[in-house]
Structure formats: structure tokens, C-alpha cells
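Notes for the one structure printed next.
Because only heavy atoms are used, hydrogens play no part in the values below, and waters and symmetry mates are left out as well, while side chains stay in.
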Amino acid sequence: MPHNLVSEMNAEEISIPVPWGHISAKMYGSDSLPAVLCVHGIQDNCDTFVTLLPLLPNDYHYVCIDLPGHGGSAHFPPHVPLEFVNYIGSIKWVADHFGWPEFVYLGHSFGGQLGTWFSGIYPERVRCLIVLDTMGPRSVDLDSTPVTVRKRIDSAQSLHRRQCGRQAPVYTFDEAVAKMMAGRRSKLTNESARILARRGLIQVDGDGDRYTFASDQRLKLEFHPLMEFGQQERVLRNVTCPVLFVLADENTARYSTYLKDAYEFNSKRPNVTVAVVNGDHDVHLNYPDRVFSLVTNFLQKYCKH
């Protein structure tokens, strides 16, 4: 594997102001280099990329953010359901903060979904798009719209009632890591879980090994767009930049079920490359050696200025 200057040794922690508070981020490499915005998945944080980045080319400026309600970033205003479009808006706040006329977008899971939509809504801003193990977001069947909207309102209000006056559960670091691994559908190695936990926990004041989870509890509820695929397709058609989808072979069943339409649409696009690697949803973090060459080759071929 190539040696790279990108490492935790030279990561710079920054805070980006946004109207509801701030977005926490880590920067790697000189800001005079082409920008790569790295965006994680739901209930993860920007450290999902710490094993992959050292293997990627060092002639880019990597900016890894904590999405709102994750890691060190402020949560969206409370007491209302989360909205997919507000997360797209948070990406634009970041890009505008840096004044990037265009940039490379690298996203995992939910972060990749946001990148696909951002690239369709602001196609002039994204030079190329790299998506790790998703082709979503899932669509909503037209006939189920009233039931889906009702469920979202009721679920958000129920969650609010349960949380009122309730102290967040407290764990030791090892307990939190074990809970994270047990509650996750995909398979995290112990080391990967510890990487995410270091940024995903908040230390309880006055106790050296007592933590609560930092993530917004509303992230456990559904908030993908309330659109059938025909509407989503109008966005995806606008994605004209080169696109790389890196899919994990242990997680491909969904492309014949609820993501079938997205897979069939994207895989036929002339600007899209689809590659499959051995592993589960978090293969980029667990086994970055299986992913880095695909990302590197794509960056060097399509994303150079």
C-alpha cells in the first residue's frame, strides 16, 4: 500500500459556523489543493474515513465533516422531524463556507445519498462523485404517502415524549463500543467500532470513563425523501459528473428489492462506473485495502484539475 502524508498526525480540527450552531470537521492536506468533501453515514462521524484516507492520493485537500446531530456537530433544532433536504442544505453551507466553486464529493451510505442528490441539485458544484455502498435513498410508494407522513409525525412526537425529563444512558467506553457493535446491522470490527466511538461519545463531567452517545436520537427514525422513484429520477438525471459507486458484495440484496429502481437507473448511465468489492457495509473502514485502489484510480482519471 502507498505511503501517504494524510494521517491523524496532521489532521486539523475546525468548526464551521451554520445558522443553527456549528459543523465540526477535520482537514487533511493543504487548502491550495483540489478539495474532497468526505461525508459519513447515519449515526457515524467523520472518523469513518480515517483508515481509508492514508491510502488515498496526497495531492488533494480532504475535508471530513460531522453531519448535524453527529460527532461534534450541533443538532438541528429540536422537537420536529428531521428532513432529508436540510442535510443537503448543510452540505451547501459547508461548500459555501470554503468558497469552493467545485469539489470532489466522497460519501458513505447516507453521506453518499446526500452527495448524489447534491450533485443533481447543484451539478455545477461537484467535479466528480464517489459513493460507498449505497444507491439510495429509498423511495416511497405513492399510495402509502398518507400513512408514511402520519408515521413520521407520530414517531417524532413519541420520541420527544419519551425523552422529556429523561437522562441519557451512561456507559463505560467499552460498554459503548459493545453496544455500538451489537446494535449495528453491518459488521464492525472492534477496532472500527472504537474509532467511531472516540468521536461519537460525550464524556460525562466528573467521571473519567463514563460516556453518553452524541448522536441525535431522531436519526433512529425514517427521514428519506417523501417521493416515489419517478420524482427522485428527476434529480438523478441532473447528475452529469463522473460517478463511482463502490458496492459491498455482502450487501447487494437490496438492489433487487427496495433499491432496484435506483440500481437499474444508475447502472445504465454513461457517466457511472459500478464496482463491487468483498465485504459488508463498512468495508471502507474495516478493510480499506479493498477499496482504496478503486477510489484512487477514479480520482486520478476523472477528478484532476
Side-chain angles (χ1 to χ4, degrees), residues 6-18 20-28 36-54 56 62-76 82 84 86-88 90-91 93-94 97 105-115 118 130-134 168-169 171 173-204 211-221 223 280-286 288 291:
V6 173
S7 71
E8 289 305 288
M9 296 292 291
N10 59 18
E12 179 184 354
E13 288 273 358
I14 62 167
S15 180
I16 300 166
V18 289
W20 61 92
H22 71 280
I23 288 177
S24 294
K26 296 166 80 170
M27 300 194 306
Y28 304 81
V36 179
L37 180 64
C38 307
V39 186
H40 62 81
I42 285 181
Q43 297 194 69
D44 287 348
N45 54 67
C46 71
D47 279 350
T48 193
F49 298 104
V50 299
T51 61
L52 178 62
L53 285 182
L56 298 185
Y62 298 93
V63 177
C64 303
I65 66 169
D66 291 333
L67 285 167
H70 298 75
S73 290
H75 295 198
F76 279 127
L82 297 176
F84 187 84
N86 291 338
Y87 280 92
I88 299 173
S90 70
I91 301 299
W93 281 111
V94 171
H97 170 80
Y105 190 110
L106 169 62
H108 172 242
S109 192
F110 179 60
Q113 296 171 19
L114 295 175
F118 187 92
I130 303 166
V131 178
L132 305 179
D133 206 45
T134 188
Y171 307 92
F173 187 84
D174 287 342
E175 287 171 345
V177 168
K179 183 175 178 61
M180 181 183 296
M181 294 180 69
R184 196 177 181 97
R185 292 179 183 175
S186 57
K187 303 167 189 173
L188 282 175
T189 65
N190 183 267
E191 179 56 30
S192 293
R194 298 178 81 83
I195 286 171
L196 293 176
R198 285 194 287 267
R199 196 171 182 91
L201 299 175
I202 299 173
Q203 190 171 28
V204 176
Y211 300 88
T212 61
F213 282 96
S215 57
D216 191 327
Q217 293 301 297
R218 291 172 292 178
L219 293 165
K220 297 177 180 178
L221 309 178
F223 58 96
D280 201 352
H281 187 53
D282 295 293
V283 62
H284 71 287
L285 174 60
N286 291 331
V291 174

Test item: side-chain donor near acceptor, His40 and Asn45, under 3.5 Å: no
[X] versus [Y]: any side-chain heavy-atom pair under 4.5 Å?
X	Y	answer
Leu114	Leu67	yes
Leu188	Leu285	yes
Val36	Tyr28	no

I'd like to know if the side chain of His22 and the backbone of Gly72 have a donor-acceptor N/O pair within less than 3.5 Å. yes
May I ask you to decide if Ala214's main-chain N or O and His75's side chain share a donor-acceptor pair within less than 3.5 Å? yes
Which heavy atom of [X] sits nearest a heavy atom of [Y], and at what distance?
X	Y	answer
His284	Leu52	O-CB, 4.0 Å
Leu132	His108	O-CD2, 3.4 Å
Ile91	Val39	CD1-CG2, 4.0 Å
Ser73	Ser24	OG-N, 2.8 Å
Pro169	Thr212	O-CG2, 3.3 Å
Ser109	His281	OG-NE2, 2.9 Å

Start with the C-alpha gap between Ile202 and Phe213, add the side-chain angles, then the distance that decides, and say whether side-chain contact (heavy atoms from CB on, under 4.5 Å) holds. CA-CA 6 Å; Ile202 299 173; Phe213 282 96; over 6 Å; no
With rounding to the nearest 0.5 angstrom, report the [atom1] to [atom2] distance, [X] to [Y].
X	Y	atom1	atom2	value
Leu219	Gln43	CG	CD	5.5 Å
Ile16	Met27	CD1	CE	8.5 Å
Lys26	Leu53	NZ	CG	9.0 Å
Tyr171	Tyr211	OH	OH	15.0 Å
Ser192	Met180	OG	CE	10.5 Å
Cys46	Ile23	SG	CD1	11.5 Å

Please name all residues satisfying side-chain hydrogen bond (donor to acceptor under 3.5 Å, both in side chains) with Asn190, sequence neighbours left out, ordered by chain then number. none
Which class fits the ring pair Trp20 and Phe76: parallel under 30°, tilted 30 to 60°, perpendicular over 60°? tilted
Do the rings of Tyr105 and Phe118 sit parallel, tilted or perpendicular, given the 30° and 60° boundaries? parallel
Take Arg194 and Asp174, measure what side-chain contact (heavy atoms from CB on, under 4.5 Å) needs, and give me the verdict at the end. CA-CA 8 Å; Arg194 298 178 81 83; Asp174 287 342; 3.0 Å; yes
Asp66 bridged to Arg199 by N-O distance under 4.0 Å: yes
Checking side-chain contact (heavy atoms from CB on, under 4.5 Å) for the pair Val283/Val291: CA distance, chi angles, key distance, verdict? CA-CA 8 Å; Val283 62; Val291 174; 4.1 Å; yes
Residue from Asp280, Asn286, Asp282 passing side chain to side chain donor-acceptor pair (under 3.5 Å) with Ser186: Asp282
What do the steps show when you test Arg184 against Asp44 for side-chain contact (heavy atoms from CB on, under 4.5 Å), and what is the final call? CA-CA 11 Å; Arg184 196 177 181 97; Asp44 287 348; 2.9 Å; yes
Examine Phe49 together with Tyr62 and report whether their ring centres are nearer than 6.0 Å. no
Output all residues satisfying salt bridge (Lys or Arg N to Asp or Glu O under 4.0 Å) with Asp216, sequence neighbours left out; order by chain, then residue number. Arg218
Checking Lys220 now: which residues fulfil salt bridge (Lys or Arg N to Asp or Glu O under 4.0 Å) with it, not counting sequence neighbours? none
